[in-house]
Amino acid sequence: MSRAPSTRSVGAPRAPATLPVVQFRKVSFSYSGEPVLQGVSFEVLPGEFVSAVGPNGGGKTTLLRLILGTARPQAGEVRVFGGPPERARSRVGYVPQYARFDPLFPVTVLDVVRMGRVGNFAAGPYRREDREAAEEALATVGMPELRRRPFSDLSGGQRQRVLIARALATHPELLLLDEPTASVDRAATAKLYELLVELARRLTILLVSHDTGVVSRFVSGVLCVNRTVAKHPVSRLTGEMLSELYGTDIALVRHEEEL
Amino acid sequence: MDFLRDLLAFPFLQYALATGLLASVASGVVGSFITVRRIGYIAGAIAHTVLGGMGLARYLQRVLGWEFVTPLVGAVASALLAAIIIGVVTLYGREREDTVLSAVWSIGMAVGIFFISRTPGYNDDLMSYLFGNILMVRRADLALIAGLDALVVVVSFLFYYKLEAVCFDEEFARLRGVRVELYYILLLVLTALTIVILLQVVGIVMVIALLALPAAAAAYLTRRLWHTMIVASALSGVLMTAGLALSYKPNLPAGATIIILSGAVYLAVVGSRPLWRRRRAQAPRK
């Protein structure tokens, strides 16, 4: 398997001076002695739409945590927008999996989206600009008419869109999504990717997915994560790479089926 | 009817009702946070620890003559101490959470029993601390209770949106720059103060029911957290008044009557939940 040089940009050619949004330099991370990532180097450039794929336990979630600054590498360096990840958090919109949330929590769609603005004031109520940012984000994901519905009444795909809206309400430059299509049905998955492709025109997007086949139709680059990280432009992503990554050819079959 | 007539005639009944209604407001607001954040067991541990503070305060009052250290003052101090210890240990400690809670809970009670046994005089105290005696609330207590109540409600409203976000998704709130550890401790402190208020009504052992049951019932009936709070407070107020009125004439224990009523209302709401569900499911869906 030939790996693409890990520091080259994928997709549209860009000026070499462009500051990477995410930059990993020889990053290693181990969890209680067990190495999760080893000597990982790659970059994500502004405007890229990248998917991180790989087997469970391969380090995809760790990758997200390192970018968010909720985990620190034991060796190497992670930089987000040219600085330490903790200081870039206000420019990063994070979208977790909807299944994590308590279905009994009494909260409406608009309440959830507004929480994207919760770090923007010291105390008291949301300000007018916060409410407007929330309404605008809800319109972007195409569900303004559902604003008063209880969050837990929505379908999985709808809830995932609400969480995307919550991240958009922060006005991020980088959108990070953790398995956005997990437990979402096929039709809703297609609509979610439609939305992400639309957002990718103005944002840098990095998503974690096990769904290699579907993802490769939409993204400009793929990060293959399994203790190491290899970055491939989509045009060069072959079934051989995927089967090496997963150790089976299931991914290849799905890949061709989706195309 | 005797209750209404005597309510007009006797200040002690008026104080009792006022205490119950004040307690309803704080417990509806804070109980809703506790319910959605699922930390009822932590509230239970704080409540039981308070016996230590009340016992110590009684000892200092009777044996050393420190008149100003009333059991209520001891309750406030020990509830706050327990809240901060539990908060810091569960956030930063590497210990098992249930072990820490069991330790704080039982050591607090043991300290209380220890000091009460060393305090000369009638020991009716122990029973009224454990099971409450709302008819014993004095005017001076009422002032302190009202002050605590106002403090709890004002702070809750001031930080409502922060607490809501931290309860709903702690990780996301942290990424937005919210100091979630601080708000978690704040929530435990509010819980501690609310427990002290509720202690006057139902005592240490049954406090947790008043924090949990009206809020849990209200959460089934509402779609937003602040609606839950309003319904829970109103429900508590009705339960307190009804419990007090029903227990007065037959001379039943008021606290226990209120708890049994609360349990009945909670069961009724949970039992009718399939009906609520069906209604929700029929609501238009796009």
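Per chain, numbering begins at 1; letters A, B, ... match sequence-line order.
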**Prompt:** Is it the side chain or the backbone of B:R179 that comes within 4.5 Å of chain A heavy atoms, both, or neither?
**Reply:** neither
**Asked** Where does A:F101 contact chain B at under 4.5 Å (heavy atoms): side chain, backbone, both or neither?
**Response** side chain
**Asked** At a heavy-atom separation under 4.5 Å, does B:F172 approach chain A through its side chain, its backbone, both, or neither?
**Response** side chain
**Asked** Which region of A:Y126, side chain (C-beta onward) or backbone (N, CA, C, O), has a non-hydrogen atom less than 4.5 Å from a non-hydrogen atom of chain B, or is it both or neither?
**Response** both
**Prompt:** When only pairs under 4.5 Å are counted, which of B:L225, B:L158, B:D169, B:V166 shares the most heavy-atom pairs with chain A?
**Reply:** B:D169
Enumerate, atom names and distances included, each donor-acceptor pair closer than 3.5 Å involving a side-chain atom of residues 184-208 of chain B, sequence neighbours excluded.
| unit_1 | atom_1 | unit_2 | atom_2 | d |
| --- | --- | --- | --- | --- |
| B:T191 | OG1 | B:L187 | O | 2.7 |
| B:T194 | OG1 | B:L190 | O | 2.7 |
| B:Q200 | NE2 | B:V196 | O | 3.2 |

**Item:** Toward chain B: residues of residues 81-91 of chain A with heavy atoms under 4.5 Å
**Value:** A:R89, A:S90
**Prompt:** Under 3.5 Å, side chain of A:R227 to main-chain N/O of A:V36, donor-acceptor pair present?
**Reply:** no
**Prompt:** Side chain, backbone, both or neither: which part of B:E171 has an atom under 4.5 Å from a heavy atom of chain A?
**Reply:** side chain
**Request:** Look only at the side chain of A:Q158 and the backbone of A:S155, and say whether a donor-acceptor pair between them is shorter than 3.5 Å.
**Result:** yes
Only pairs under 3.5 Å count here: list side-chain donor-acceptor contacts from residues 103-125 of chain A, not counting sequence neighbours, and write none if there are none.
| unit_1 | atom_1 | unit_2 | atom_2 | d |
| --- | --- | --- | --- | --- |
| A:T108 | OG1 | A:D111 | N | 3.3 |
| A:T108 | OG1 | A:D111 | OD2 | 3.0 |
| A:D111 | OD1 | A:R114 | NH2 | 3.0 |
| A:D111 | OD1 | B:R224 | NE | 3.4 |
| A:D111 | OD1 | B:R224 | NH2 | 2.5 |
| A:D111 | OD2 | A:T108 | N | 3.1 |
| A:D111 | OD2 | B:R224 | NE | 3.0 |
| A:R117 | NE | A:D130 | OD1 | 2.9 |
| A:R117 | NH1 | A:A169 | O | 2.9 |
| A:R117 | NH2 | A:D130 | OD1 | 3.2 |

**Request:** Quick one: which of B:T228, B:L175, B:V178, B:T35 has the most heavy-atom pairs under 4.5 Å with chain A, could you say?
**Result:** B:L175
**Request:** Would you confirm whether A:Y98, through its side chain, and A:S183, through its main-chain N or O, come within 3.5 Å as a donor-acceptor pair?
**Result:** yes
**Prompt:** For B:F33, which residues count as a ring-ring contact (aromatic ring centres under 6.0 Å, His included) partner, sequence neighbours excluded?
**Reply:** none
**Asked** Okay, side chain of A:K60, backbone of A:A52: is any donor-acceptor separation there less than 3.5 Å?
**Response** no
**Request:** For A:Q160 and A:P96, indicate whether the former's side chain and the latter's backbone hold a donor-acceptor pair under 3.5 Å.
**Result:** yes
**Asked** Checking A:Q97 side chain against A:P180 main chain: does a donor-acceptor pair fall under 3.5 Å?
**Response** no
